[in-house]
Amino acid sequence: MRLAVNIDHFATLREARKATEPEPVLVALLAEQAGAHGIVCHIRTDRRHIKERDLRLLRDAVKTKLNVEMAATEEMKKIALEIGPDVVSLVPERPEELTTEGGLKVAANRKVLGPHIKALGKAGIRTSIFIDTNLDEIAAARELGVDLIEVNTGKYADFKEGRAREKALEAVRKAAEFGHKIGLEVHGGHGLDYRNVGPIVAIPEISELSIGFSIVARAAVVGIERAVWEMLDLL
Ligand code: PXP
């Protein structure tokens, strides 16, 4: 299982003081040196953490794989085409949300998403869609020509134990099996931490996990390299 480290919250810390530290690109390089297989960040419409400058520096420095999360808007498409990340992950965005709240509604947004994905593909950028466990939505993503999907593990992560958690895990498993069967590369992410990642790692169709908050929080205590090593051990 590959690990992609989301570094947004190092930029959140920087923005808490509108300062110049910590420098996300430095953290990205340390995470790569510790063995991370990719670096993820989310450029939001309100620029609350990652900014264009960060993307330019990250594009220049990241040697593994740069995956930039963004909304499917014209503004963001322009940024993607300028920066040229390896992967663009299309996510829904609500201005007031603390973090991404769920998967993108694919079938309902076909008309916007189709040309968007095509334009990115033409520029050699692979497209991912962050998606809930609904199989019809996954089939719609495949029809639109995405290269991969990231199955939302947020619901599973919200439940600490019990029947509801088992059900949410089963839904992630079924979504991953289905996505893989119809020819998509399947990733997972959201809400994963050192305690809950195990059952997700055990799903063979998922080849990569995108993990941010828990690694950043642990890094604040033990340093980014050790935080990445500890997660890689679990993966
Ligand atoms: N995947 C997507 C699409 C996300 O938006 C986020 C949060 O930015 C993550 C994964 C990582 O989630 P977390 O920070 O809870 O690990």
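These numbers were taken from a predicted model, which means no experiment stands behind them. Counting starts at 1 for both ligands and their atoms, following the listed order.
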Per-atom filter on ligand 1: closer than 4.0 angstrom to a heavy atom of Ile211 are 16 (O)
Looking only at protein heavy atoms, identify the closest one to [atom] and say how far it is in Å.
{"atom": "atom 10 (C) of ligand 1", "answer": "Glu150 OE2, 3.2 Å"}
{"atom": "atom 2 (C) of ligand 1", "answer": "Glu69 OE2, 3.1 Å"}
{"atom": "atom 14 (O) of ligand 1", "answer": "Phe213 N, 2.9 Å"}
{"atom": "atom 15 (O) of ligand 1", "answer": "Gly191 N, 2.9 Å"}
{"atom": "atom 16 (O) of ligand 1", "answer": "Gly212 N, 2.8 Å"}
{"atom": "atom 8 (O) of ligand 1", "answer": "Asn6 ND2, 3.4 Å"}
{"atom": "atom 12 (O) of ligand 1", "answer": "His190 CA, 3.6 Å"}

Does some side-chain heavy atom of Leu113 sit less than 4.5 Å from a side-chain heavy atom of Leu104? yes
Side-chain heavy atoms of Ser89 within contact of Met70, under 4.5 Å: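 No, side chains not in contact.
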Sub-3.5 Å N/O-N/O distance, [X] and ligand 1:
{"X": "Ser214", "value": "no"}
{"X": "Val91", "value": "no"}
{"X": "Phe130", "value": "no"}

Here's a test for you: under side chain to side chain donor-acceptor pair (under 3.5 Å), which of Arg173, Arg165, Lys167 qualifies with Tyr156?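 Answer after filtering Arg173, Arg165, Lys167: Arg165.
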Whether over 12 other heavy atoms sit under 6.0 Å from Tyr194 OH: yes
Check whether more than 12 heavy atoms from other residues, nucleotides or ligands sit under 6.0 Å from atom NZ of Lys174, and answer yes or no.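 Atom NZ in Lys174 is not packed in, count stays at 12 or less.
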Can you confirm whether the side chains of Thr64 and Glu32 place a donor and an acceptor under 3.5 Å from each other?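 Judged by distance alone, the side chains do pair up.
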Taken in chain and number order and not counting sequence neighbours, the residues that satisfy salt bridge (charged side-chain N to carboxylate O under 4.0 Å, His left out) with Lys77 are Glu74
When you measure from the heavy atoms of Ser89 to every atom of ligand 1, does any distance fall below 4.0 Å? no
Which residues satisfy the side-chain hydrogen bond (donor to acceptor under 3.5 Å, both in side chains) test with Asp136, sequence neighbours excluded? none
Are the side chain of Asn109 and the backbone of Val106 linked by a donor-acceptor contact shorter than 3.5 Å?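 Between the backbone of Val106 and the side chain of Asn109 there is no qualifying donor-acceptor contact (under 3.5 Å).
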Min over Gly189, Pro92, Ala217, Ser210 of heavy-atom distance to atom 11 (C) of ligand 1 lands on Ser210
